[in-house]
Amino acid sequence: MHEYTSRARAWGLSCPGFPEEVSRARRWTRDILRGSPLAEDAELIVSELSANAILHTASGREHGSFHLAVAVSAQVVAVSVTDDGGTGTAPKAEHQDHDAEHGRGLGMVSALAHRVVIHDSDHGHTVTAELFADARHGGHPC
């Protein structure tokens, strides 16, 4: 295969910033990754990141939205959620007590994913979580 050729596939979805759209985002992710051993973790990550976008950014305000992307290759599943910004600080994983009701989401995402990258722009934040196929067992994301 040519070095610039990829078998990766990518999908995108934009959702209005309503709480019920989190379940739509989960279903969409589950449908894309049907049969993948990484599907459940990816679905949970998308659920958490989508809920965070609605709860903590302008995505949850009137006319707000959030945007999802799923990229799949033989080596990795990457899920990204981009919010509408509107906050003075970027998302960050913080250590919280086990009894805390809020603030543990990005920590959970970090525990599930092999790598989490947060990108800030003038228009919002994008959180990307990467799940790697287990090469030792010959696993494939899809």
Residues forming a salt bridge (Lys or Arg N to Asp or Glu O under 4.0 Å) with Arg115, sequence neighbours excluded: Glu130

Closest heavy-atom pair, Leu112 versus Leu131, reported as atoms and distance to 0.1 Å, is O-CD2, 3.4 Å

Does His67 have any side-chain hydrogen bond (donor to acceptor under 3.5 Å, both in side chains) partners at least two apart in sequence or in another chain, and if so, which? Ser14, Ser65

Which residues satisfy the side-chain hydrogen bond (donor to acceptor under 3.5 Å, both in side chains) test with Ser50, sequence neighbours excluded? none

Are Leu106 and Leu49 packed together at the side-chain level, in the sense that at least one heavy-atom pair is separated by less than 4.5 angstrom? yes

Answer yes or no: is there a side-chain heavy-atom contact under 4.5 Å between Thr29 and Asp31? no

For the student: nearest non-hydrogen atoms of Glu21 and Pro16, plus distance: CG-O, 3.1 Å

Assess the residue pair Trp28 and Val70 against the criterion (side chain to side chain contact (heavy atoms under 4.5 Å, CB included)); give the C-alpha distance rounded to whole Å, side-chain angles, the decisive distance to 0.1 Å, and a yes or no. CA-CA 10 Å; Trp28 179 79; Val70 174; 3.6 Å; yes

So which heavy atom on Gly86 is nearest to which on Arg61, and how close? O-NH2, 3.6 Å

Given side chains that start at C-beta, do those of Glu20 and Cys15 come closer than 4.5 Å, heavy atoms only? no

Got a second to check how far His125's NE2 is from Asp83's CG, nearest 0.5 Å? 6.0 Å

Just list the side-chain donor-acceptor pairs under 3.5 Å for residues 38-46, sequence neighbours left out, or say none.
unit_1 : atom_1 : unit_2 : atom_2 : d
Glu43  : OE2    : Arg30  : NH1    : 2.6

Are Val117 and Met108 grouped together when hydrophobic residues (ILVMFWY) are joined by side-chain heavy atoms under 4.5 angstrom apart? no

Partner residues of His123 under the ring-ring contact (aromatic ring centres under 6.0 Å, His included) criterion, sequence neighbours left out: none

Gln75 CD to Arg7 CZ distance, which is reported to the nearest 0.5 Å: 11.0 Å

Would you say Leu13 and Phe18 are hydrophobically clustered, going by side-chain heavy atoms of ILVMFWY under 4.5 Å? no

Walk me through whether Leu68 and Trp11 qualify under side chain to side chain contact (heavy atoms under 4.5 Å, CB included). CA-CA 8 Å; Leu68 292 93; Trp11 294 263; over 6 Å; no

So do the side chains of Thr128 and Val79 get within less than 4.5 Å of each other, counting heavy atoms only? no

Of all residues at least two apart in sequence or in a different chain, which pass the side-chain hydrogen bond (donor to acceptor under 3.5 Å, both in side chains) check with Thr82? Thr126

Start with the C-alpha distance between Phe66 and Ile54, add both sets of side-chain angles, then the distance that settles side chain to side chain contact (heavy atoms under 4.5 Å, CB included), and finish with yes or no. CA-CA 8 Å; Phe66 62 98; Ile54 292 169; 3.6 Å; yes

Work out which heavy atom in Gly64 is nearest to a heavy atom in Asp84; give both atom names and the distance. CA-OD2, 3.3 Å

Here the pair of heavy atoms bringing Ala8 nearest to Ser73 is CB-CB, 4.0 Å

Identify the two heavy atoms, one from Gly85 and one from Thr57, that lie closest to each other, and give their separation to 0.1 Å. O-CB, 3.3 Å

